[in-house]
Amino acid sequence: MKRLLFLLPLLFLSFLALAQDCNQNGISFDKREYDFGSVPRENRDYTCTFVLENKTDKPLVLLSVNTSCSCLKARYSRRPLKVGEKSTITMILEASKMEKGLFHRVVEVHTNAGVARLVVRGMSK
């Protein structure tokens, strides 16, 4: 039992270290959330762009950008970013694939410096 009480704080601290935000790792975004507002469910795509900057001391590689829904696609460069260089991640919302109502989609950006989470939201009508 004492061993378990000793291990729990260590596990918690390990989890916190893994869940660090990319801003602490030297990656910054111009924004973390984007609100599409009211989006008609028609055969049309809507886009938004997130700008990221490499503030680390080594080249930054975008490994993957994962969306939480098939109605949301990501377009980004796979070319490594030099120190101080900027790039964009363009999110494409396919409105015809959405259900009616409020939406809140999480986008995970996996890099060689950590994971960042972005959010897109709005109202599909």
Restricting to side-chain hydrogen bond (donor to acceptor under 3.5 Å, both in side chains), what partner residues turn up for His104, sequence neighbours left out?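 His104: no side-chain hydrogen bond (donor to acceptor under 3.5 Å, both in side chains) contacts found.
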Tracing side-chain links under 4.5 Å among I, L, V, M, F, W and Y, which residues wind up in one group with Leu63?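 Members other than Leu63 - counting any ILVMFWY side chain reachable under 4.5 Å - are Val61.
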Check: Asn66 main-chain N/O paired with Ser64 side-chain donor or acceptor under 3.5 Å: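 No, Ser64 side chain to Asn66 backbone: no donor-acceptor pair under 3.5 Å.
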Taking Ser124 for its side chain and Met98 for its backbone only, find out whether a donor-acceptor pair lies under 3.5 Å.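 Absent.
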Which atom pair, heavy atoms only, marks the closest approach of [X] to [Y]?
{"X": "Ser70", "Y": "Glu94", "result": "O-OE1, 3.7 Å"}
{"X": "Ala95", "Y": "Val39", "result": "CB-CG1, 3.7 Å"}
{"X": "Gly122", "Y": "Asp35", "result": "CA-OD1, 3.6 Å"}
{"X": "Pro80", "Y": "Pro59", "result": "CB-CB, 4.4 Å"}

Nearest 0.5 Å please: distance from the [atom1] atom of [X] over to the [atom2] atom of [Y].
{"X": "Thr67", "Y": "Glu108", "atom1": "OG1", "atom2": "CD", "answer": "10.0 Å"}
{"X": "Glu53", "Y": "Ile27", "atom1": "CD", "atom2": "CD1", "answer": "11.0 Å"}
{"X": "Glu99", "Y": "Cys71", "atom1": "CD", "atom2": "SG", "answer": "9.5 Å"}
{"X": "Asn112", "Y": "Asn54", "atom1": "CG", "atom2": "CG", "answer": "8.0 Å"}

Are Leu81 and Leu52 close enough that some pair of their side-chain heavy atoms sits under 4.5 Å apart?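 SC-SC contact between Leu81 and Leu52 confirmed.
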I'd like to check the side-chain contact (heavy atoms from CB on, under 4.5 Å) partners of Asp30; sequence neighbours left out, ordered by chain and number.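 Asp30: side-chain contact (heavy atoms from CB on, under 4.5 Å) contacts with Phe50, Val51.
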What donor-acceptor contacts under 3.5 angstrom involve side-chain atoms of residues 82-93, with partners at least two apart or in another chain?
from, atom 1, to, atom 2, distance (Å)
Glu85, OE1, Lys82, N, 2.7
Glu85, OE2, Arg79, NH1, 3.2
Glu85, OE2, Arg79, NH2, 3.0

Output every pair passing side-chain hydrogen bond (donor to acceptor under 3.5 Å, both in side chains) with a member in residues 40-52, not counting sequence neighbours, ordered by first then second residue.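 Residue pairs with at least one partner in residues 40-52: Arg44-Tyr46.
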Residues in ring-ring contact (aromatic ring centres under 6.0 Å, His included) contact with Phe103, at least two apart in sequence or another chain: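 Partners of Phe103 under the ring-ring contact (aromatic ring centres under 6.0 Å, His included) test: none.
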